[in-house]
Amino acid sequence: MRLATDGYKVLARAELPRDTVLLAQHLIGKILVRETPEGSFSGRIVETEAYPVGDAAGHAYRGETLRNHALFLCRGHAYVYLAYGASYLLNVSSETSGIGAGVLVRALEPLDGIPSMQRNRRVQNLRDLTRGPGRLTAALDIDRRLDGIDLCRMGPLWLARDDHDVPEIGRSARIGLSRETDRPLRFYVRGDRFVSGPKTLNR
DNA sequence: AGTGCGATTGACT
DNA sequence: GTCAATCGCACTA
C-alpha cells in the first residue's frame, strides 16, 4: 500500500542552520510528518517561535532537567511538553548537543490524513484543525511519548523537505509570554490563513 | 510536602 | 473581547 507520505524526503540534519533563530526561519514551509498504525498525517509548517540560548522565557534557561532534556539534544530532535495541563507543545531542538534551545512549532497547513485529524480534534473546520501549537499536536496525536525522537530520521515523527518556493516570511514578537515579550522571534508565512493569533499578526 | 504558575484552548458575553 | 479549566514541574521550606 502506498502511504500518503511516501513521496516526502527526510530533512537532513546537515541542512539545518546551527543557530536557533535561523532554524526557526528555516523550518517555515517544511513538512511535519506523523506516522501511526492508524495512518499518516502531515502538514506544512507556517508559524514558529525561537527560544534561543539565554532566553529567560525558554524552558532551558535554568539548566537541564528531566522534563527539558530533549532541548539539549543536537538540533533536529523533538521536545514535547504539556502546557497548562491540557495541551502538548512540539519544539525542534536547535544548537549542538549539550546546549539547550529550541523552536516551537505553532501552526501547520493540513496536508495528508485530514479526516483522521478531524476525528482526533473533533473539529471539522479545516482552518481550526492545526492553527495553534496545542491544536496541531492534538490533530497529529503528538504527546510525551514522542519526546526526544530524532526528527531527521523517518519514523513516528519526522521532518520532510518541501519542493515549493520559499514563502514570504513575516516576523513579530512571540505570543503568550509574560517575560521577554518584545523580542521579535516569531516567524510566519505572510497572509497565510493557517497562522495562529489575531489577524494583525499575520501581515 | 506545599505552592504558584504557565510557550493554551474552548466556552461564553 | 473575557475567563476558567487543568496538572506537571520548578521552587521554597
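Side chains included, hydrogens not; waters and symmetry mates left out as well; all remaining heavy atoms used.
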Whole angstrom is fine here: how far is it from [atom1] in [X] over to [atom2] in [N]?
X	N	atom1	atom2	value
A/His59	B/dA7	NE2	P	5 Å
A/Leu82	B/dT9	CG	P	12 Å
A/Leu136	B/dA7	CG	C1'	12 Å
A/Glu49	B/dT8	CD	C1'	12 Å
A/Tyr79	C/dG8	OH	C1'	11 Å
A/Glu64	C/dA10	CD	P	11 Å
A/Leu177	B/dT8	CG	P	7 Å
A/Arg183	B/dA7	CZ	C1'	14 Å

Report yes if the ring of A/Tyr84 lies under 5.5 Å from the six-membered base ring of C/dA5 with planes under 30°, and no otherwise.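 Check failed, A/Tyr84 does not stack on base of C/dA5.
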For a quick test of reading the model: is some side-chain N or O of [X] closer than 4.0 Å to OP1 or OP2 of [N]?
X	N	result
A/Arg62	C/dC11	yes
A/Thr65	C/dA10	yes
A/Arg179	B/dG6	no
A/Arg131	B/dG10	no
A/Arg106	B/dT8	yes

Any donor-acceptor N/O pair, [X] side chain to [Y] backbone, under 3.5 Å:
X	Y	answer
A/Asn68	A/Thr65	yes
A/Arg67	A/Tyr81	no
A/Thr48	A/Leu104	no
A/Arg135	A/Arg131	yes
A/Arg127	A/Arg193	yes

Which nucleotide in [options] has an atom nearest any side-chain atom of [X]:
X	options	value
A/Arg135	B/dT8, B/dG10, B/dA7	B/dG10
A/Leu89	B/dA7, C/dC9, B/dG10	B/dA7
A/Arg67	B/dA7, C/dA10, B/dG10	C/dA10

Relative to the 5' end of DNA chain C, which residue comes earlier, A/Asn68 or A/Ala83, by the nucleotide with the nearest heavy atom?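 Between the two, 5'-proximity favours A/Ala83.
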Tell me what [X] touches on the nucleic acid: a base, only sugar-phosphate, or nothing, going by heavy atoms under 4.0 Å.
X	answer
A/Arg174	nothing
A/Ala57	base
A/Leu104	base

For DNA chain B, what is the dot-bracket line, given that a base pair needs Watson-Crick (N1 to N3, plus N6-O4 or O6-N4) or G-U wobble (N1-O2 and O6-N3) geometry with both distances under 3.5 Å, and | means paired with another strand? ||||||.|||||.
Can you measure from CD1 (A/Ile28) to CZ (A/Phe187) and round to the nearest 0.5 angstrom?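 Going from the CD1 atom of A/Ile28 to the CZ atom of A/Phe187 covers 8.5 Å.
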A/Arg183 to A/Tyr51 six-membered ring, cation-pi geometry met (6.0 Å, 45°):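 Verdict for A/Tyr51: no cation-pi partner in A/Arg183.
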Return whichever of A/Ser178 or A/Asp128 has its heavy-atom-nearest nucleotide of DNA chain B closer to the 5' end. A/Ser178
Going by heavy atoms in the side chains, are A/Leu16 and A/Leu22 under 4.5 Å from each other?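 Result no, sub-4.5 Å side-chain heavy-atom pair not found.
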